[in-house]
Every structure is written in structure tokens, then in C-alpha cells.
Amino acid sequence: MTKLKNCLVLLLTIIPALTVWGQTASLLVTDHYTTSNGLPSNNVYCAMKDRDGFLWFGTWYGLCRFDGSHFETMKKSTRPDSDIPPRKIESMAEDQQGNLWLKTVDWKVYVFYRRTGRFHALGEELKHLSQNMQVIKLQATDNGQVLLLTKDKNLLMATTTPKGHIDIKTLFSSKGKINPFTYQLYRDYCEENNGYSVWVGRDYRIFAVPRGKQLQQRMADNDNLQQRKNTQLEAIVAQAGINDYVQIYEDNDRLVWVTTPTNGIYCIHSPKSIFKLIPFDFDQTGVRSIFQLPNGNVLVGTRSRDVFILNPQGQRIHTFDYKTHGIGAIYHVMADKHHRLWLSTKRDGLVVATPDNSQPTGYRLNHYLHDDNNPQSISGNAVYMTYTDKKGHIWVATLDGGLNLVKQNGSTQLVFYNRHNGFINYPSYGLYTEVRNMAEDQHGRLWIGTIDGLMSTDTKFRQPQDIKFETYKEQRASSFANNDIYTIFKDNRDNIWMGAFGGGLSRLTNYDKHKHCPDFKTLGMREGLRNDVIVSITEDLNGRLWFAGETTIACYNPKNERIRNFDKYDGLPDVKFEEASACRMNNGEIWLGCKQGIIVFDPKHLVNENSNYHTFITNMSVNNRNITQQLERIENQHGIDQLKQIELKHDQNSFTIEFAALNFINNNNVAYRYRLKGYDHDWNYSGQNRQASYTKVPPGNYTFVVETIDDSNPTLCSRDELHICILPPWWATWWAYLIYLAVIGIITFFIVRTGLQMNRMRNEMIIGQRLAKLHTMATATPAKEIDYSQYVEQKGMEFIDQLHRIIDENLQNSEFNIDTMAAEMGLSRSAFFKKVKNVTGFAPLDLIKEFRLSRAAELLKHTNLSINEVAYRSGFKDSSYFGKCFRKRFGLSPRDYASSSRE
């Protein structure tokens, strides 16, 4: 350590500082909008921001509204009671109702009703107030009124009422005070009228304050304020290089809008920047590595192969030129436990700098290059990184020879194990030979980033031959692992972060050692990531991660899992960042290498915005047609940005909704999420996309909600919502369903009734025939010439007669059963059962039940007995069981049967 300090002190005395802190390329950021961006005309007269936050411009071709991304020209009104929209708008003002008063170049005045989109040309309202209706000046007051100065120098105060009526009163009458031929005032006038003190000057200055206030003092204060403001604004415009302009307008966010006669609109930002650029005053091709030495000085490697030492303030104190020292283009620097510096160079192999006071530079440099004749040499000269794992192994990544494991043999001799020497399990077919970076997780697994994708290995091994490498080409679940891995970073919580070229950023969440499968959580649009190309990652002292894209910087806060993006509107210079060129200094500053030098900033100086702005639903199209036609049938028609609910027909169920957050400071920081309540189960994150589309939404009531997410303004609560009712078709309305139910009910009733009647008749016919046969056999004699052999086999009439008599005598006995019948017939139970079944076709119990049900039917037809009494007399001891059996037999309940029999 002492030798290294002495070396660095020596370096401090060699060359004085050549570079100093720089700042961004310009303190101003200017945006230019023309017809190519949607302006109706490049001839713009005036600008104004309304109370909702929309910007309005008066152009040669009419009134235009700007929401930060989109220009909308009020070319025509959809209202039949609207006048033709004006052109050549020269000045404008907003009244207390939020309506716009417009004055054209030809001295006409219009009112634009914001809520309804209706234009009204003033005419009749001015006739009784002035002999000349031409208005030469329009000016807003502090209390939401509008001053109108006519050509004949009458001063009027105008506004609109809540119901939309126009209210105009005279503050100054020029009668007898002007030259009737030239319309010039004889002098400046100060008068009191209608509760106001007013000033009308020959220089067209007009002023009005409520009576009782000091008019002269207010005018003087206003003049001083305007003069200072105009001086500041003119200086800003001159610094931005704008010479020809019509109006300079500063909004409440301190943005300066400049309207021009031929070049459209300029917006000038003055960002508060935390970023500074250390420029290199020579032709460099980019800072490729940054490393802070133990004494605080910074070693910088460049693509030009020259190496520089800077002090902590960014001043250059020494240069190691390539011709003299031959170090090369350093892409990465690692310090080991012996204070050696391992320098990875792009074309000059590996350089190990060992502290040595005997050397002029304080270091003894050993170069290790690839040798085709030496299998123990490094596998390639394009060295991108060196890494020491927890076991003390030193790994070397090359872009032209794959991964190397270093073993020291002697004091300076290094042996390199690689796919040519010892790595017998290294992937074949020439894959995974272009290695950029690596990091070890908390479980001792080394993750290696290559152009062909991710590779890993366990750092627990005895011999290089034992090392097994895993790749993930065949695993669908790890598609991220098959990208070009640009950067790998391990944070202080042992999380492994990986950036892929075009694949965004992911965190390694789990590794299944049995399935050999890694799992990743990707940061994307939901978290606010705008750039899917991550070239470098580092961490600040508060645990926030900082990502460098190709031209932007982003900060990820693990506490709220949100990403804040930085670009030129945050004061970031126009630079292009280098790959894996990031370093956090001991004082907490972050240095990022780029093509133009080094970007330096201190994260603790990061300031959040606290401005509030509105989010509006600005447009809606239904079935690819603008919603304007739908709005025509809405009572008290409103513009879509003022509308809170809308009703659509069933065939208007495919629609697109547009929205905008009125952030003009940095619209790039704005992201959106939206959902259709009642249809979407979760939020849809659309990033900076300002549209939401839905197709074939079922009829119902929904609420569309859009929220703005601004990571530079975490306290912002900006949202808008629209209630949408999609009506069902007439055949799916509630009254249509009632009709359907009624028709189905009627049809069902008649079908069931007819079926029951037919079933009843069929059952009665079948049972009647069977019982009639029994009765006939019981009472018949041989003289009637009945062939009994058709009904009974090997038995006479005595059995039938006896059976009929026994059932008749015991019909009311609910305990009468098959055992009783068999005993009285003198047969066993089984023999009796078979004989009754053969003779009658019924089982004994079914035969008894049929006799009882027939008796019950007769009683129901010819008596007025109750249901319980009929059941009792028929031999049923349970009336509910009787009802169930009767319904099954006759298809009707006993009560319904009795009623139908008496009709």
C-alpha cells in the first residue's frame, strides 16, 4: 500500500491539471414544433395556458390546442348553433368560466366555449355599446374579466356567465374624447365607472382595477414587473438563438414558449441538472473503464489505448500513452488482495500491474498474451473482465477465447485453464467463447454473460477438469438467458442483475439446482423502464441501482420498485454511454464513461419534482369513427375532455380511448396505466403509449380509469375516468327477456298439462283393463264361455275369487301385507308371490296398491271427503305417501284429480 501511495504522489507532481469540471453542453433545452408535428400553420401569433393546463395557440389557420404530445386544431364545430371557427387569431384570454376570448387580425372577437366546443362571434352584443364594433385590443384582468378596446376607443369589460350568456359593460366611453376622423384620443384618460378605476392611453395601454385601489401605483408596479420579465425572457430567447418572434410567453412551470411568424413554436427549458461532463479535449473514441485507486485518484481507460489518471475533481494528472507504456485499451480493472491491478485490455491481452517502487510508474507490468504454441497461455487477447470468487479463484473473460481460470505458478508466471487446457466440459461447437462479464451469487455459483447467452458453473471444485458448465438453450422458461448478456452486476444485497442487449433488465430470483434452471424477474414497462438496452449498472450508497442505456440514465428504487428515467430535459448532456463503464466513488459520486468523456453526478443531490398537473381523456373513437358524432345526441353537449359519462349502443362496443398528462416540463417521464373496471381484472401498463383499445366489450356498465405515473414526481396523483354504458340490443333487454319467459311459460304449461292428461288417460286405461280382468275372472261362470286359460295357468276361478275377496275385506287395513294374504290363501310367501304374479301380472303388494288407488279415485270422484279421510279409507296410513303414490299413478295430485273430476 505504501509503494502505491508513493507512486500516486509522484504522478501528482508530473503534469499539472489539464481538464476541469465541465457542465452540460447548454443550460437550455429547446424543442421546436412546426406543421410536421401537427401545427395547422407555422404562422403562430399567440400562446396561452388555461386553468386545466392545456396550451392554446392562435395561428393563421385557427385555434389550436396542445397537450404535450398532440396538436388539435379547432377547424370546425360539431354544434349546429356554432359560428364558423375564426382564422388569423392574434390574441386570446381566458375568462372566469374557462371560456376563451379570441381576437383576430381583422379586429373581430369570438368566444370559444370550452365545455361545448361552440364558437360565437360577437356582433349584436357590441352594437349598443360602441359605434364601431372593431376591437383593436383584448386583454385579461386579474379577476377573470376581459378588457376590450374598440377602434373608437371605448373600453369594455366582458365575461361569460355560468349559463353561457355574454355579459359586457362599458368602463370608458370615448364620446367627445377622440378625433372623429382619426379615432385618436385627445389625451390619456383616467376615470372611474361601473365600480372600476380605468386607464386608457393614447399608446393603446389599458388598465382597470376595482375602485378604491391605487391605479397609478398598480400600473407602475405592473410596468416594472413586465419590464424585468420581458428583459429576462428576451435574454433566454436570444441565448436559444431565436431572433424572429411574435410573442414570448412564460407558463406557470417556467417554460418559455416563443411564437414566430414563419417557424412555428419554440419551447425553451432551463433544467436544473445534477449531471456534469468531464470532457476530454482530444480526439477520443470513448471512456471504456473507470476505477478509483485507494488514494482516491481515478484510473481511466479509453478505446484509444491511452490510460489516464484523474484526481477526484476530474482533473487529469498523468497520462500513460500507449506508445510508451503499451498497456492498451483497458476495459476493466480489478484489484486483488495483494494490491495488484488486473487490467483487461481489448487487444493487448491481460496486464497485471504489481506495485514496484523501482519502476518509474511505480508498477511492474506483466503482459499475458495468447500463444498458439502454449496451451497454458490465455485463450484470447480481447480480455473484457477479471473476477475473484469467494474461494479465491481468479477468472478471466475473453471475447475471442471464452472463459479462463488463472493459477499462479511462481512469482510472475500464470497458468491459464480454458477450453484448450483442462476445461473438458466446456460447451462445444464454438459457442460461449465470447465472454463479457460475470458475477458470483450468494450460493457460490458463477454466472457468466456471453454473446450466445448465459452460462454458469459451481465455484466448488478440486481440479479444472471437474468444472461443469451449464447453458440454457433448451429451456423455454429461461428465454432471457439466451440473449446477448451485456452486463452482470451484484448489488449489496447479493442480488444478481443482468442486462441483455434488446432484452431489458432482469434479476435472478431463483436457481433450481435439481432442474438446472434459473428464474428471472424482469423489469419492464410496469416499473417504468423505457430503454431495453442496458450497457452498465452500478449502485449508490442508498441501495438504488443506476442503469446507463445508450443515451439515457435510469434509477431503480428497490423500496417502491419504480424506475426514474433521465434525459436532456433533466440536464443530461447529449452523450453516448460506453459498455460496463461505471464506477461509484468513495464520496458517493457516480462516474459513467461515454464517447465524449465522463458523466459525473451525486445521487444525493437528486431532486423530485413537486408540480401537479392534470390527466385528461382527450379523444375517443368508436368503431374507428370519432366520438364527435356520438356527442351530438348528448344533452348539453360537452367536449370529450369534459365528459364524465357516455352511452353507447350494443354495436358500438369496439372503441379506442386517448389520454394525455399535461406535463410540459418533461413528457418523457410520464407513463400511464389504465383499466376498464368491470372488464379488466388488473391494470394495463402502457408506458408512454397514450391509447387504450377494446374490442367487442359485452353490454354493461363500465368505468374507464387512466392514471399517470411520473417517477420524478412520486407524490403526483393525476387521473381521469369516464363512465361507459353499453346498451344491450333490443332482443337482450329486460323487457324482452320478460316476454321470452312469459311465452316459454305459457308453452310449457300447455305442454305439461297435455302430457299429464295423456299420461293419466293411458294409466287409467291400462290399470282399468287389468282390474276389469280380475273382476271378470272373479265373477265369471263357465256358462259365459270365457276362455280362462288366457289369464290363468293350471288354476281355477276359485283362486281369483278368493284373492279378490281377501283384498276387498282388508282394503282399509293399513297393516295388510303379503304375509297375511299368503296365510289366508294357505300358501307360502314365495309360492303365493309367484302364483299371483302369473295369474294377475301384478306383484301382490302392487296389486293391493292398485286396488287402494282405484278405491281412492272413486271416493275422490263421488264424495266430498277430505284427502286425509280418503287416504285412511283406502288403506294408506300416511297422507303424504298416499299423495306421492296417487300422483305417480294418475299424473295429478289427489286435490287436482278431485277438482278435475267434478268439472
Side-chain angles (χ1 to χ4, degrees), residues 46 48 50-51 56 58 63 81-83 86 89-104 106-116 118-180 183-219 221-222:
C46 55
M48 185 200 74
D50 67 19
R51 63 182 64 183
W56 297 85
L63 184 64
D81 56 346
S82 173
D83 291 326
I89 298 174
E90 186 179 41
S91 59
M92 68 179 82
E94 184 182 19
D95 67 17
Q96 57 189 356
Q97 302 300 329
N99 298 318
L100 303 186
W101 291 71
L102 314 172
K103 187 189 83 68
T104 64
D106 52 359
W107 300 341
K108 295 179 181 178
V109 177
Y110 293 79
V111 176
F112 176 66
Y113 291 91
R114 282 271 288 107
R115 294 187 178 276
T116 63
R118 180 170 66 93
F119 288 92
H120 175 71
L122 267 67
E124 297 295 329
E125 295 86 355
L126 298 177
K127 284 184 178 180
H128 66 285
L129 298 172
S130 178
Q131 293 296 320
N132 192 309
M133 294 191 301
Q134 294 178 316
V135 176
I136 60 175
K137 190 170 185 178
L138 182 148
Q139 179 177 305
T141 65
D142 295 336
N143 60 353
Q145 308 287 323
V146 180
L147 297 178
L148 305 176
L149 181 65
T150 63
K151 187 175 181 179
D152 56 1
K153 305 306 182 292
N154 287 310
L155 183 61
L156 311 176
M157 177 172 280
T159 188
T160 55
T161 67
K163 293 185 177 181
H165 302 303
I166 294 176
D167 182 20
I168 304 178
K169 57 186 177 183
T170 301
L171 294 186
F172 173 78
S173 176
S174 64
K175 187 175 181 180
K177 302 172 185 177
I178 61 170
N179 185 323
Y183 291 113
Q184 295 296 317
L185 289 169
Y186 292 129
R187 60 181 178 84
D188 298 335
Y189 288 90
C190 179
E191 295 185 358
E192 292 186 354
N193 191 15
N194 273 330
Y196 284 86
S197 298
V198 299
W199 172 275
V200 181
R202 286 172 293 176
D203 57 356
Y204 305 114
R205 291 181 63 206
I206 55 177
F207 212 81
V209 297
R211 183 182 297 173
K213 295 187 177 181
Q214 298 296 324
L215 176 62
Q216 299 292 340
Q217 184 62 43
R218 290 286 297 274
M219 289 181 63
D221 293 342
N222 184 73

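Since the structure is predicted, the reported quantities are computational estimates derived from the model, not experimental observations. The chain is numbered in sequence order, starting from 1.
In this structure, CG on Leu148 lies 11.0 Å from CD1 on Ile136, to the nearest 0.5 angstrom. The line from CG of Leu126 to CD of Glu124 is 9.5 Å long, rounded to the nearest 0.5 Å. Within the model, atoms CZ of Arg118 and OH of Tyr110 stand 14.0 Å from one another, a figure rounded to the nearest 0.5 Å. Distance check, rounded to the nearest 0.5 Å: CD of Glu125 to CD1 of Ile166 gives 4.5 Å. The distance from atom NE2 of His165 to atom CD of Gln97, rounded to the nearest 0.5 Å, is 11.5 Å. We find the CD1-CG distance between Ile89 and Leu63 to be 4.5 Å, quoted to the nearest 0.5 Å.
Applying the side chain to side chain donor-acceptor pair (under 3.5 Å) rule to Thr104 yields the partners Asp106; only residues at least two apart in sequence or on another chain are considered. When the side chain to side chain donor-acceptor pair (under 3.5 Å) test is applied to Lys103, the partners found at least two apart in sequence or on another chain are Glu90. Scored by the side chain to side chain donor-acceptor pair (under 3.5 Å) test, Gln145 finds no partners at all (sequence neighbours excluded).
Salt bridge status for Lys108 with Asp83: absent, with no side-chain N to carboxylate O gap under 4.0 Å.
Between the side chain of Asn193 and the main chain of Thr170, a donor-acceptor pair closer than 3.5 Å is present. Using modelled atom types, no side-chain atom of Thr159 and backbone atom of Asp95 make a donor-acceptor pair closer than 3.5 Å. The closest donor-acceptor contact from the side chain of Ser82 to the backbone of Phe119 lies under 3.5 Å. Of the possible donor and acceptor atoms, one in the side chain of Lys153 sits under 3.5 Å from a partner among the backbone N and O of Lys151. Using modelled atom types, one side-chain atom of Tyr113 and one backbone atom of Gly164 make a donor-acceptor pair closer than 3.5 Å. A donor-acceptor pair is defined here as one N or O able to donate and one able to accept, closer than 3.5 Å; such a pair exists between the side chain of Tyr186 and the backbone of Ile178. Using modelled atom types, one side-chain atom of Arg51 and one backbone atom of Gln96 make a donor-acceptor pair closer than 3.5 Å. Gln139 places a side-chain N or O within donor-acceptor distance of the main-chain N or O of Ile206, the cut-off being under 3.5 Å.
Nearest heavy atoms, Trp199 versus Cys190: CE3-CB, 3.9 Å. Across all non-hydrogen atoms, the minimal contact from Met157 to Ala208 is CE-CB, 4.4 Å. Contact detail for Leu138 and Ala93: the closest heavy-atom pair is CD2-CB, 3.5 Å. For the pair Glu94 and Asp50, the tightest heavy-atom approach, listed with the atom from each and the gap, is OE1-CA, 3.3 Å. Counting all heavy atoms, side chain and backbone alike, Asn132 lies closest to Gln134 at OD1-N, 2.9 Å.
Arg202 places none of its side-chain heavy atoms less than 4.5 Å from the side chain of Gln184. When side chains are defined from C-beta on, Asn154 does not count as touching Leu129, because their heavy atoms never get closer than 4.5 Å.
In Glu192, the CD atom is crowded: over 12 heavy atoms of neighbouring residues, nucleotides or ligands sit closer than 6.0 Å. Residue-environment remark: CD (Gln216) exceeds the threshold of 12 foreign heavy atoms within 6.0 Å. Counting heavy-atom neighbours within 6.0 Å of Tyr183 OH, excluding the residue itself, gives a total of 12 or less.
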Report task. Output, in order, the C-alpha distance, side-chain angles, deciding distance and verdict of side-chain contact (heavy atoms from CB on, under 4.5 Å) for Leu122 and Ile168. Result -> CA-CA 11 Å; Leu122 267 67; Ile168 304 178; 3.7 Å; yes
Query raised in the report: Lys177 and Phe172: side-chain contact (heavy atoms from CB on, under 4.5 Å), yes or no, with the steps?
Result: CA-CA 10 Å; Lys177 302 172 185 177; Phe172 173 78; 3.6 Å; yes
Requested in this report: Please step through side-chain contact (heavy atoms from CB on, under 4.5 Å) for the pair Asp142 and Arg218, ending with a clear verdict.
Outcome: CA-CA 12 Å; Asp142 295 336; Arg218 290 286 297 274; 3.3 Å; yes
Query raised in the report: Does the pair Val200 and Leu149 meet the rule for a side-chain contact (heavy atoms from CB on, under 4.5 Å), with working shown?
Result: CA-CA 9 Å; Val200 181; Leu149 181 65; 4.2 Å; yes
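Between the side chains of Asp152 and Ser130, at least one donor N or O sits under 3.5 Å from an acceptor N or O.
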